[in-house]
Asks: 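Would you mind keeping the following structure in view while I ask a few things?
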Amino acid sequence: MKHKIRLGVNVDHVATLRQVRGGTTTYPNLLDMVKKSVKGGAEQITIHLREDRRHIQLDDLKLLSKECPVALNLEMAATPQMVVYAKKYRPDWVCLVPEKRAELTTEGGLDVKKGFKKMFPMVEKLQRIGIEISMFIEPSIEQVEASYELGADAVEFHTGKWVLLKGPAKDKEWKRLVDAAEWAHYLGLNVHAGHGLDYEHAKLINKLPHLQEVNIGHSLVCYALENGMQQAVGKMRKLLK
Ligand code: PXP
């Protein structure tokens, strides 16, 4: 069955668990988790190659650029070095994201207006070789317009703030998301969303107008642990005399 909203599974935190022992363990195997995600219904795999390499490594990008069975979406900072990697490994999509070394996760959206001059030639170079570009932004009309002027193919709205808010503040943030999605669609941009989405908010995000794609990572890796712990311990118990 073909779904309307494309599910991108972000496997960064599979790599976090591997890297927490300095990459010395053979588990969890990233490619296996990618294949399992696809079996579960992932229509895209998303990875963020961070400058500090805290989770995804360059070798992961190399491997997935060859072996990923569905579309590959590379989240990356707008730096010349990352453009070199994107040109070499040719993911289907590049999602430009802001990146700060000290942050726990991507904390806010890109300031496309401020970074316009720097990003414009990068976007052009990548699009010229067939890579589609999405801009990870706050649900702000100003940022949607800047992304449109830049020539992006899509905007990905940062949903992390909305997920964490409660009460009237949450309703207000939802309205910002709806308005920004309507405007992006009107301008011909694809509407994507991601960050912090869990089962509860996945149900709600279905109502975002024109939504074509979501990228979900952390909650899915946690649900996988919750669902698989009993089985994993059971197998270890059997192995021990
Ligand atoms: N989309 C973007 C642009 C992101 O930076 C992230 C986090 O890496 C996600 C989606 C996924 O967020 P989460 O892991 O909270 O589901």
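Whatever order the structure lists ligands and atoms in, that order sets their numbers, starting from 1.
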Asks: Is E173 salt-bridged to R176, going by a charged N under 4.0 Å from an acidic O?
Replies: yes

Asks: Report, in ascending order of atom number, the atoms of ligand 1 lying under 4.0 Å from any heavy atom of D12.
Replies: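 Listed by number with element, the hits are 8 (O).
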
Asks: Output yes when the distance from some N or O of ligand 1 to some N or O of E156 is under 3.5 Å, and no in every other case.
Replies: yes

Asks: Are L204 and L211 linked, directly or through intermediate hydrophobic residues, by side-chain heavy-atom contacts shorter than 4.5 Å (ILVMFWY only)?
Replies: yes

Asks: Find all atoms of ligand 1 within a distance of less than 4.0 Å from any non-hydrogen atom belonging to V97, and give their numbers and elements.
Replies: 3 (C)

Asks: Under a plain distance cut-off of 3.5 Å, with no hydrogens placed, do T46 and N73 share a side-chain donor-acceptor pair?
Replies: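 T46 and N73 do have a side-chain donor-acceptor pair below 3.5 Å.
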
Asks: Is the closest N or O pair between F136 and ligand 1 shorter than 3.5 Å?
Replies: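 For ligand 1, there is no N or O atom that lies under 3.5 Å from one belonging to F136.
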
Asks: Please confirm whether E75 comes within less than 3.5 Å of ligand 1 when only nitrogen or oxygen atoms on both sides are compared.
Replies: yes

Asks: Taking 4.0 Å as the limit for heavy-atom contacts, which would you say applies to H158 with ligand 1: side chain only, backbone only, both, or neither?
Replies: neither

Asks: What protein heavy atom sits nearest atom 14 (O) of ligand 1, and how far off is it?
Replies: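 The closest heavy atom on the protein side is H218 N, 2.8 Å.
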
Asks: Within a distance under 4.0 Å of any heavy atom of I216, pick out the atoms of ligand 1 and give their elements.
Replies: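 Listed by number with element, the hits are 16 (O).
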
Asks: Should Y148 and L110 be regarded as members of a common hydrophobic cluster, given that ILVMFWY residues are connected when their side-chain heavy atoms come within less than 4.5 Å of each other, either directly or indirectly?
Replies: yes

Asks: At what distance is the nearest protein heavy atom to atom 12 (O) of ligand 1, and which residue and atom is it?
Replies: H195 CA, 3.4 Å

Asks: Set out, in order, the CA-CA distance, both residues' side-chain angles and the distance that settles salt bridge (charged side-chain N to carboxylate O under 4.0 Å, His left out) for D179 and K175, then state yes or no.
Replies: CA-CA 6 Å; D179 291 348; K175 187 161 183 316; 2.9 Å; yes

Asks: Tell me which part of L220 gets within contact of ligand 1: side chain, backbone, both or neither, using heavy atoms under 4.0 Å.
Replies: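 Contact part for L220 vs ligand 1: neither.
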
Asks: Hydrophobic clusters here meaning ILVMFWY residues chained together by side-chain heavy-atom distances under 4.5 Å, can you tell me if M229 and L17 are in one?
Replies: no

Asks: I'd like to know whether ligand 1 has G196 as a neighbour, heavy-atom separation below 4.0 Å.
Replies: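 Per 4.0 Å heavy-atom rule, G196 contacts ligand 1.
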
Asks: Looking at D32 and K36, is any side-chain nitrogen of the basic one under 4.0 Å from a carboxylate oxygen of the acidic one?
Replies: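 No, no charged N to carboxylate O under 4.0 Å.
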
Asks: At under 4.0 Å between heavy atoms, which part of N215 makes contact with ligand 1: side chain, backbone, both or neither?
Replies: both

Asks: Among protein heavy atoms, which sits nearest to atom 16 (O) of ligand 1, and what does the distance come to when rounded to 0.1 Å?
Replies: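 I find the closest protein heavy atom is G217 N, 2.8 Å.
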
Asks: Salt-bridged, R50 to D52, with N to O below 4.0 Å?
Replies: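 No, this pair does not count.
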
Asks: Is any side-chain heavy atom of E226 less than 4.5 Å from a side-chain heavy atom of Y223?
Replies: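 Heavy-atom side-chain distance check passes, below 4.5 Å.
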
